[in-house]
Amino acid sequence: MVTAMDTLPTPATGSEAVPLSGPAAPPLTDDELRALYSLMVSVRHLDTSAIAWQRQGLIPGYAPELGQEAAQVGSGFAVDTSRDFVFPTYRELGVARAMGVDMVAYMSTHKATWHGGLYDPLESRLAPIQAVVGGSVLHAVGWAHGQTLTGPADGRLGVAMAYFGDGASSQGDIHEAMNFAAVMKAPVVFFVQNNGWAISLPTELQVAGGSVAGRAAGYGIPALRIDGNDVVAVVDATRRAFAHCRAGNGPVLIEAMTYRRGPHSTSDDPGRYRSLNEERDGAGEDPLERFRQRLLADGVAGEAFFAEALAAAKAEEEEIRAGIQALGPRPGSEMFDLVFQETTPALRAQAASWREESEHV
Amino acid sequence: MVTAMDTLPTPATGSEAVPLSGPAAPPLTDDELRALYSLMVSVRHLDTSAIAWQRQGLIPGYAPELGQEAAQVGSGFAVDTSRDFVFPTYRELGVARAMGVDMVAYMSTHKATWHGGLYDPLESRLAPIQAVVGGSVLHAVGWAHGQTLTGPADGRLGVAMAYFGDGASSQGDIHEAMNFAAVMKAPVVFFVQNNGWAISLPTELQVAGGSVAGRAAGYGIPALRIDGNDVVAVVDATRRAFAHCRAGNGPVLIEAMTYRRGPHSTSDDPGRYRSLNEERDGAGEDPLERFRQRLLADGVAGEAFFAEALAAAKAEEEEIRAGIQALGPRPGSEMFDLVFQETTPALRAQAASWREESEHV
Amino acid sequence: MSDVLLESEPSMDNRSPRHGVEQLSMQQALNLALDEVLAENSKALIFGEDCGRLGGVFRVTDGLRAKYGNGRVFDTPLAESGILGMAVGLAMAGFHPIPEVQFDGFAYPAINQIVCQIARMNYRSRGILPMPITLRVPSFGGIRAPEHHGESLEALFAHVPGLKVASPSNPHEAYHLLKYAATRPDPVIFMEPKSRYWQKGEVHFDSADATSPPDGSSPGGGSPTGAKVMREGRHLTLVAWGAMVARCLQVAGLAAEDGIDIEVLDLRWLKPIDEAALEASVRKTRRAVVVHEAPLTSGLGAEVAQLITRSCFDTLKAPVERVTGFDVPYPSGDLEDEYIPNIDRILFGIQRVLEYRRG
Amino acid sequence: MSDVLLESEPSMDNRSPRHGVEQLSMQQALNLALDEVLAENSKALIFGEDCGRLGGVFRVTDGLRAKYGNGRVFDTPLAESGILGMAVGLAMAGFHPIPEVQFDGFAYPAINQIVCQIARMNYRSRGILPMPITLRVPSFGGIRAPEHHGESLEALFAHVPGLKVASPSNPHEAYHLLKYAATRPDPVIFMEPKSRYWQKGEVHFDSADATSPPDGSSPGGGSPTGAKVMREGRHLTLVAWGAMVARCLQVAGLAAEDGIDIEVLDLRWLKPIDEAALEASVRKTRRAVVVHEAPLTSGLGAEVAQLITRSCFDTLKAPVERVTGFDVPYPSGDLEDEYIPNIDRILFGIQRVLEYRRG
Ligand SMILES: Cc1ncc(C[n+]2csc(CCOP(=O)(O)OP(=O)(O)O)c2C)c(N)n1
Ligand SMILES: Cc1ncc(C[n+]2csc(CCOP(=O)(O)OP(=O)(O)O)c2C)c(N)n1
Ligand SMILES: [Mg+2]
Ligand SMILES: [Mg+2]
């Protein structure tokens with residue numbers, strides 16, 4: 001019989017979670033809190049509008065982030081766009097907005113103008129939109145290792161933040177990314193939005209063990225499992241994780257527990273796999289309303305501010321809608337010109353015959 | 001600041017490891033202990049002979065398992081070949097021998113006669129030799145889920161045992177396999193031989209967190225980290241894991257700590273990445289000698305038995321060598337005939353032109 | 001976790017094969033074929049991302065989980081290599097897996113399992129462990145979808161020894177090809193043209209060989225693994241598969257108005273390729289254009305062209321033309337009509353062949 | 001874990017480019033090229049399984065870790081998707097990664113990252129995030145190795161928009177092609193013929209265009225991205241790459257004894273393919289055979305044949321022949337000589353072309 005004596009200790013499953021080091025983040029100022037609220041309102045308004053745009057035929061499809069505003073805005077808010085780099089999925093509208101990305105350029109991907117979006121990834125510090133589930137998490141590890149190789153500019157490393165979902169956590173690439181990052185002590189924040197669903201599959205049938213954060217200890221990676229619908233908790237956790245990474249202590253994983261309130265995308269029909277009751281129970285309190293109540297209760301903001309924020313969000317949305325409307329298709333020649341830095345004779349020939357046959361020149 | 005209040009509990013990293021259920025295995029009988037010793041001697045002799053065969057030109061290459069006899073024989077010994085199925089890598093000579101596989105047919109892969117070996121995988125319950133690192137671990141999960149689907153014949157499920165190494169643990173497929181197995185509660189034993197090396201990379205630079213067993217808790221999978229050089233501990237752990245799986249409790253992971261005493265393969269030159277001192281320190285006591293001392297001390301076997309076992313091993317090795325020597329190349333026509341169950345016109349045509357041009361018929 | 005198997009009770013109302021003719025969409029025809037395969041073979045299993053409860057993002061497996069239970073039709077975690085690796089093990093255990101990869105572009109994470117395992121296990125095991133796996137892959141472009149949802153992987157799959165590859169062009173073909181593929185002992189990659197899922201057409205249940213749409217032009221084909229003449233013609237052969245067959249039939253209709261009589265050959269099987277059908281058609285027409293959505297270079301069109309050239313060299317009036325996607329990543333919706341061979345480009349290709357004069 | 005970077009001190013003795021001619025094995029020539037690339041570009045990084053301490057299983061990166069330090073040349077965990085995914089991120093951060101996949105058959109786990117990420121990031125980012133990644137892949141068969149160690153993936157790679165593909169045939173080509181590839185801003189899959197690693201040959205440092213072995217027959221080629229005439233001839237063109245070039249030169253030598261004057265064209269770049277060189281050669285010889293190790297169907301030979309047929313249709317005396325591996329999984333050592341095109345089979349192919357008569 002195998003007794004306790006026969007088995008060796010398994011280092012990573014001890015009772016203490018792997019500790020996070022680095023200074024605690026200072027509490028958010030009232031200005032920051034109000035800024036966060038404004039961002040969340042603007043994201044909520046833009047996100048719900050995008051669904052309407054799709055119904056109106058302005059854009060062919062969209063993947064809403066309804067319910068994930070706190071997780072997205074809170075984490076994006078913690079990014080230092082002068083040194084960090086963020087790797088989104090296809091659902092990170094709130095992150096992009098919080099980082100100050102040009103939203104017409106961002107939304108262009110949903111207008112089917114250009115995969116990846118028209119924003120400048122280097123300038124905005126946001127990698128192109130990624131449609132492969134789990135596809136860019138390893139990129140974050142490579143980018144972060146590059147920071148280690150270059151060395152910190154002023155004693156503080158640039159940090160890569162990789163977003164992924166509960167569904168993505170099943171992909172082999174996620175495991176490889178966590179193991180590589182931990183072996184190389186790369187400054188990466190793995191930001192998991194556990195929104196309860198991967199299209200029709202609930203997290204219970206996706207994530208064995210019940211938690212993505214619970215996997216981190218096995219790699220010696222510290223993890224924070226947080227209420228992803230509490231924007232303040234999200235900012236704090238993200239800042240703490242960034243501080244840990246910046247100081248050269250290696251990666252951190254954050255699992256933000258949230259809920260995908262809408263359909264997976266505008267082509268999805270959630271009624272086929274979850275009931276309205278289940279939705280209500282799973283979703284819990286609306287993160288935006290919850291934050292509003294908190295600001296009110298703490299006397300940080302009042303109705304006038306909320307009204308102002310909403311008006312600003314509406315104005316912004318209208319401007320973005322106009323921008324999207326004005327967005328024409330990219331010239332077909334870009335298909336050929338943007339494949340390589342140094343094009344090839346075959347591509348030149350194909351571009352020429354395309355011009356002749358499709359543009360009739 | 002993130003306080004303990006802000007963070008949610010991470011279910012899988014609690015203080016207690018995931019518990020193993022199922023009855024404890026009865027202690028090994030003296031007959032079993034002697035049988036294990038005989039197997040280990042026979043495997044040791046065959047393995048070291050295979051290196052000699054390679055030097056002599058009888059076989060083009062070989063991957064020795066020197067030092068892993070206890071881990072391989074012990075685990076293979078626990079298999080019930082009437083119901084279980086085993087998925088080896090390229091280094092499981094000891095497992096094959098313990099399972100009673102035809103060793104000429106097994107070694108034929110190293111003679112470059114046929115990838116995967118010439119033994120019958122269905123009859124022997126040993127899947128074909130697998131050269132892709134981590135390649136067959138998912139197959140074990142699928143096979144095991146098949147047992148669940150069919151249902152236990154007599155209340156006890158057939159179990160799949162998948163072998164892999166510390167190096168393989170880095171592959172995405174291993175993560176997918178562990179997650180799938182845990183989600184589906186598939187009766188799989190993941191048997192990891194952590195032999196300290198993946199070719200030139202030591203485990204410390206391979207396995208973040210330090211232990212493959214330490215990953216299991218993150219999936220809710222019970223794990224045993226055992227002294228893989230103690231054959232009795234290996235048999236016991238494997239039997240306990242099988243009992244857990246058979247009863248329908250889902251997968252188990254065993255990490256057998258051992259040491260690759262030889263080169264990665266006959267083309268490797270370990271002197272380039274580890275010193276003889278490091279080898280001596282890492283290897284520890286020889287598992288075979290250790291077992292011999294134990295049997296002696298416990299009065300289970302004496303010198304006469306050991307001499308007999310060695311003589312039997314030598315006789316067996318000679319027979320196998322003769323079998324290998326006699327093994328001619330397979331007819332080239334098999335290249336074409338074994339691609340499909342239902343061949344194609346193109347393959348028929350290619351076979352015909354091959355016959356004409358290469359056999360000049 | 002509750003018992004994985006008994007989440008829903010299988011219904012006993014198994015569907016038996018149909019007779020006569022029905023008007024169905026390709027999605028319905030495929031669903032019907034899968035339903036019959038599950039009913040006829042208790043070892044057949046369907047699994048993949050969202051194929052269970054949701055019935056697949058294209059609803060091809062709609063209703064099957066409710067009917068056959070969660071043991072026969074089930075959702076997996078989100079990992080394509082896991083899905084295909086699991087399929088190998090299930091096949092080794094005697095099952096007939098019919099896994100799905102949700103979109104063409106998400107077959108790449110599973111390529112290792114497909115190429116190194118599914119395609120080789122029968123060979124490696126000397127025929128003892130066959131791999132009767134039918135991998136359904138919604139394929140090709142044309143639906144203005146996000147990145148990686150419009151890929152054509154047939155050249156990759158056709159190059160892999162040990163795989164067979166089929167692609168239906170209409171509901172009739174979809175029903176018969178899938179039923180045939182899913183009852184064979186070898187692995188078949190089944191590429192469903194997603195832009196055609198909702199197009200209706202007649203399905204003739206009693207004859208797999210009925211040409212559909214049954215315009216009376218030709219019975220075509222014959223073998224279930226062969227190509228099929230979808231329209232007879234004398235002046236030039238258009239070779240296509242998947243969604244391009246309908247487009248080529250359109251082109252042939254337009255060309256007929258100019259007195260050009262085009263034969264349209266639906267390849268149906270992309271591996272093995274029906275060389276005899278190619279030869280028979282082009283020996284007659286003496287000219288050929290092959291059309292596909294995949295990029296030009298090293299696409300399957302090269303293989304088709306070379307097979308034709310080799311067997312018809314002395315009768316060919318012009319080199320075989322290829323009208324294909326360009327050597328560029330599949331573009332976003334706004335540009336996909338520029339990328340996919342359109343009627344104009346196919347007509348230009350035809351014109352080049354017809355006007356070819358030896359130099 | 002100790003600091004990942006400072007495990008070994010980089011040496012300051014950086015190698016400067018060579019002059020003149022040296023007799024080197026391909027392994028040495030590649031090692032020298034990498035050494036110079038690392039010396040000249042501080043952003044160049046080498047990493048992969050066992051490339052650091054061990055110097056690679058073929059010793060191609062031997063000594064480079066000791067010389068440039070563990071920050072520039074390092075071992076990774078055993079995960080090919082991880083290696084290539086990391087390369088993408090490093091390229092985004094401004095590095096020039098030169099990763100290695102240990103053997104051809106182990107590129108499959110990384111195909112998703114190669115096809116969906118490396119090949120598309122420049123396009124997706126509209127040229128803002130170039131992918132100057134040179135992926136070294138020891139390739140092709142012929143060394144009696146275990147399963148998955150003898151694969152030819154060029155057709156797969158050549159079909160992927162956004163990738164370039166090169167393969168050297170001898171030490172001279174290896175040195176110059178690798179130096180060229182590893183200094184370009186686009187991703188290149190660099191397929192090293194592993195059976196030729198230990199063959200020695202002259203490397204002319206001052207001219208990339210020197211034909212090697214320099215038998216005085218032809219200067220050939222010209223552009224660093226072009227094909228190269230390795231032997232001039234009048235009766236037939238043999239097109240090959242990698243290890244098959246040496247075999248074709250042997251065949252040409254034998255054929256010459258029978259008065260058959262064969263031109264051997266080393267394709268060198270498998271994407272983009274030098275169409276002009278193919279046309280120039282075959283317009284002269286009017287006959288062609290393409291030789292490769294990969295399976296026949298949908299292999300790169302089909303593309304080469306079709307390019308030749310299209311440009312030389314009116315001068316071709318016979319259809320282009322392909323002499324290739326069969327449509328079977330790469331076999332075990334005992335059968336590999338039956339699988340890889342051998343001298344006999346190439347001679348038969350040549351004979352078929354020479355004896356072709358219109359029917
Ligand atoms: C590799 C891959 N497989 C499948 C898909 C199709 N797909 C798109 S999103 C999605 C679910 C993702 O779930 P999750 O990771 O939880 O993110 P969420 O959609 O909830 O934000 C699937 C299956 C894909 N895009 N990529
Ligand atoms: C997918 C894949 N990548 C790389 C290799 C080359 N390779 C063969 S064995 C090996 C090391 C494996 O180490 P480990 O898993 O620890 O097993 P061990 O050799 O120690 O038994 C490597 C890198 C391979 N066979 N398969
Ligand atoms: Mg989710
Ligand atoms: Mg090992």
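A, B, ... follow the sequence lines: proteins, then strands. Residue 1 opens every chain.
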Side chain, backbone, both or neither: which part of [X] has an atom under 4.5 Å from a heavy atom of chain C?
X: A:Ala168; value: backbone
X: A:Leu201; value: both
X: A:Val132; value: both
X: A:Pro270; value: neither

### Query
Would A:Lys111 and C:Asp334 pass as an ion pair if we require N to O under 4.0 Å?
no
### Task
Could you tell me whether C:Glu338 and A:Arg330 make a salt bridge, using a distance below 4.0 angstrom between a side-chain N and a carboxylate O?
no
### Task
Heavy atoms only, distances under 4.5 angstrom: which of A:Phe336, A:Phe340, A:Tyr273 has the most pairs with chain C? Name it, please.
A:Phe336
### Proximal component of C:Leu347, with respect to chain A [non-hydrogen, under 4.5 Å]
neither
### Query
Of the backbone (N, CA, C, O) and the side chain (C-beta and beyond), which part of C:Phe106 lies under 4.5 Å from a heavy atom of chain A, both, or neither?
side chain
### Task
Starting from the C-alpha separation in whole Å, work towards a yes-or-no answer on side-chain contact (heavy atoms from CB on, under 4.5 Å) for A:Arg272 and C:Leu54.
CA-CA 6 Å; A:Arg272 297 177 71 96; C:Leu54 182 62; 3.8 Å; yes
How long is the gap from [atom1] on [X] to [atom2] on [Y], to the nearest 0.5 Å?
X: A:Ser358; Y: C:Asn342; atom1: OG; atom2: CG; result: 5.0 Å
X: A:Glu356; Y: C:Asp344; atom1: CD; atom2: CG; result: 12.5 Å
X: C:Glu147; Y: A:Tyr90; atom1: CD; atom2: OH; result: 14.0 Å
X: C:Glu336; Y: A:Met335; atom1: CD; atom2: CE; result: 11.0 Å

### Heavy-atom pair with the smallest gap, counting every atom of A:Ala131 and C:His148
CB-CD2, 3.8 Å
Do any N or O atoms from the side chain of [X] and from the backbone of [Y] form a donor-acceptor pair under 3.5 angstrom?
X: C:Asp50; Y: A:Ser200; answer: yes
X: A:His115; Y: C:Pro146; answer: no
X: A:Gln206; Y: C:Leu78; answer: yes

### Query
Given the rule in the side-chain contact (heavy atoms from CB on, under 4.5 Å) test, do C:Phe326 and A:Leu347 qualify, once you have shown the distances and angles that lead to the verdict?
CA-CA 8 Å; C:Phe326 300 111; A:Leu347 273 174; 5.7 Å; no
### Message
Please evaluate residues C:Asp75 and A:Leu205 with respect to the criterion side-chain contact (heavy atoms from CB on, under 4.5 Å), reporting the C-alpha separation (whole Å), side-chain torsions for both, the decisive distance (0.1 Å), and the verdict.
### Response
CA-CA 9 Å; C:Asp75 290 321; A:Leu205 299 175; 6.0 Å; no
### Message
Working note: C:Gln102 + A:Ile199, criterion side-chain contact (heavy atoms from CB on, under 4.5 Å); need CA distance, chi angles, decisive distance, verdict.
### Response
CA-CA 11 Å; C:Gln102 198 162 75; A:Ile199 309 186; 3.5 Å; yes
### Query
Between the side chains of C:Glu80 and A:Gln171, does any donor sit under 3.5 Å from an acceptor?
yes
### Message
Heavy-atom pairs under 4.5 Å with chain A - which of C:Pro77, C:Ala79, C:Pro329 has more of them than the others?
### Response
C:Pro77
### Summary
chain A shares the most heavy-atom pairs under 4.5 Å, among C:Glu49, C:Arg144, C:His149, with C:Arg144
